[in-house]
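Structure, as structure tokens:
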Amino acid sequence: MLSLSQSQLDESASDSVDDVSHLTQQWINERNAPQLLRFEGGAVERVLELLQVQTDTLEDLNNLDESNDEFIRSVYALEVERIKFVLRSYFRARLSKIELNSLAILTYPECRRNLSENELTYAERFNEITNENYKKSVLDEACPPSLQNLSDPETAHNPNMNQAVFCRIKKDIGAHLLPNGDTIDLSKNKIYLLLYRIIRPFVETGEAELI
């Protein structure tokens, strides 16, 4: 029979909050940033491991007949669904950007480094299929050969780094020089509306988060 102590439940809940909360924030960052951010491989791996543990525990609980375990079963079931939702949302946000900006992402090394191996394979294949489809359906008949090159970086759809974003500062950064020569005091826990290119370095280092 499966026996779960209060300390085991507390430890499991604490790990879940830490890992899933971190990936949830990375999903929010990804959803609000115009560019594709660095793939959070470590966080994804930990959350996938947590999901497997929670799923196995739920299966064990489902095999029990004790009525007093019904509440624990419901807690684990909700946690499993929450973890799945966060993972799916994170991957969907990234795939949406990859499909929109595939050529730009594949063209610039600093963008390619933000992809996981699976994402890189997907981006290359998506770009190849898209180019083939455009060429067969439109370019071969409507455009001269000189205008049929879809791999030209100048034709790539690039993210708008001047997009305005809301951000929360996670640690005191202090005075920061703006492009127009003014300075802004970036203080912990305060929320700002700034151009993404201004706050980008702090998002990438974890000193700021998008909201």
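Tested against Glu30 for a side-chain hydrogen bond (donor to acceptor under 3.5 Å, both in side chains), the candidates Arg92, Gln25, Lys97 yield a single pass: Lys97. Screening Gln26, Glu99, Glu119 for a side-chain hydrogen bond (donor to acceptor under 3.5 Å, both in side chains) involving Arg94 leaves a single residue, Glu119. Screening Lys171, Arg168, Lys188, Arg31 for a salt bridge (Lys or Arg N to Asp or Glu O under 4.0 Å) with Glu209, the sole residue that qualifies is Arg168.
Inter-residue side-chain proximity for Ile198 and Pro179 is flagged as met; some heavy-atom pair is nearer than 4.5 Å. Proximity of Ile169 to Asn189: side-chain heavy atoms (C-beta onward) are nowhere separated by under 4.5 Å. Contact annotation: the side chain of Phe166 never approaches that of Leu210 to less than 4.5 Å [non-hydrogen atoms, C-beta and beyond]. Residues Leu195 and Val165 form no side-chain contact, since every pair of their non-hydrogen atoms from C-beta on lies 4.5 Å or further apart. You'll find the side chain of Leu115 stays beyond 4.5 Å of the side chain of Tyr122, heavy atoms only. With contacts defined as side-chain heavy-atom distances shorter than 4.5 Å, the pair Val47/Val86 does not qualify. Under the 4.5 Å side-chain criterion, counting only non-hydrogen atoms from C-beta, Glu124 is not in contact with Glu128.
The CG atom of Leu100 sits 11.5 Å away from atom CG of Leu103, with the distance rounded to the nearest 0.5 Å. Put simply, CD on Glu204 and CG on Leu37 are 7.0 Å apart, with the number rounded to the nearest 0.5 Å. The line from CZ of Phe91 to OG of Ser116 is 7.5 Å long, rounded to the nearest 0.5 Å. Rounded to the nearest 0.5 angstrom, Tyr76 OH and Asn62 CG are separated by 12.5 Å. The OG1 atom of Thr55 lies 7.5 Å from the CD1 atom of Ile83; values are rounded to the nearest 0.5 Å. Note: Phe126 CZ to Thr130 OG1 = 3.5 Å, rounded to the nearest 0.5 Å.
For Asn127 (side chain) and Ser102 (main-chain N/O), no donor-acceptor pair under 3.5 Å exists by modelled atom type. Side-chain N or O atoms of Thr205 include one that pairs as donor or acceptor with a backbone N or O of Phe202 at under 3.5 Å. Side chain of Arg73 to main chain of Leu61: a donor-acceptor pair is present (N/O by atom type, distance under 3.5 Å, no hydrogens or angles). Here the side chain of Asp172 pairs no donor or acceptor atom with the backbone of Gly174 at under 3.5 angstrom. Remark: the backbone N or O of Phe71 is paired with a side-chain donor or acceptor of Ser74 at under 3.5 angstrom.
Scanning both residues, Val44 and Leu23, for their nearest heavy atoms gives CG2-CD1, 4.1 Å. Between Pro34 and Pro159, the closest heavy-atom pair is O-CB, 3.2 Å. The shortest non-hydrogen separation linking Leu36 to Asn114 is O-ND2, 3.0 Å. What you find for Leu186 and His176 is that their closest heavy atoms are CD1-CB, 3.9 Å. Between Ile105 and Ile98, the closest heavy-atom pair is CD1-CA, 3.8 Å. Heavy atoms only, all atoms of each residue included: Ile28 and Ile211 are closest at CG2-CA, 4.2 Å.
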Give the C-alpha distance, both sets of side-chain angles, the deciding distance and a yes or no for side-chain contact (heavy atoms from CB on, under 4.5 Å) between Asn101 and Asn158.
CA-CA 6 Å; Asn101 305 307; Asn158 291 294; over 6 Å; no

Show your reasoning for whether side chain to side chain donor-acceptor pair (under 3.5 Å) applies to Asp185 and Ser187.
CA-CA 6 Å; Asp185 184 51; Ser187 303; 2.8 Å; yes

Show, in sequence, the C-alpha distance, side-chain angles and deciding distance for Phe39 and Tyr90, and conclude whether the side-chain contact (heavy atoms from CB on, under 4.5 Å) test is met.
CA-CA 10 Å; Phe39 178 66; Tyr90 179 67; 3.9 Å; yes

Run the side chain to side chain donor-acceptor pair (under 3.5 Å) test on Gln35 and Arg200 for me, step by step, so that the C-alpha distance in whole Å, both residues' side-chain angles and the decisive distance to 0.1 Å come before the verdict.
CA-CA 10 Å; Gln35 68 168 145; Arg200 172 185 176 183; 3.1 Å; yes

Test side-chain contact (heavy atoms from CB on, under 4.5 Å) on Leu120 and Leu106 and set out the steps.
CA-CA 8 Å; Leu120 178 57; Leu106 294 172; 3.7 Å; yes

Assess whether side-chain contact (heavy atoms from CB on, under 4.5 Å) is satisfied between Leu194 and Cys167, documenting all intermediate values.
CA-CA 8 Å; Leu194 297 169; Cys167 61; 4.2 Å; yes

Stepwise, does the side chain to side chain donor-acceptor pair (under 3.5 Å) test hold for Asp56 with Gln52?
CA-CA 6 Å; Asp56 291 343; Gln52 186 60 56; 2.8 Å; yes

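A salt bridge does not link Lys170 to Glu207: none of the charged side-chain nitrogens sits closer than 4.0 Å to a carboxylate oxygen. With respect to the salt-bridge test (charged N to carboxylate O, under 4.0 angstrom), the residues Arg112 and Glu110 do not qualify.
Between Trp27 and Phe85, the ring centre distance stays below 6.0 Å.
Two different hydrophobic clusters hold Leu78 and Val75 under the rule that ILVMFWY side chains link at heavy-atom gaps under 4.5 Å.
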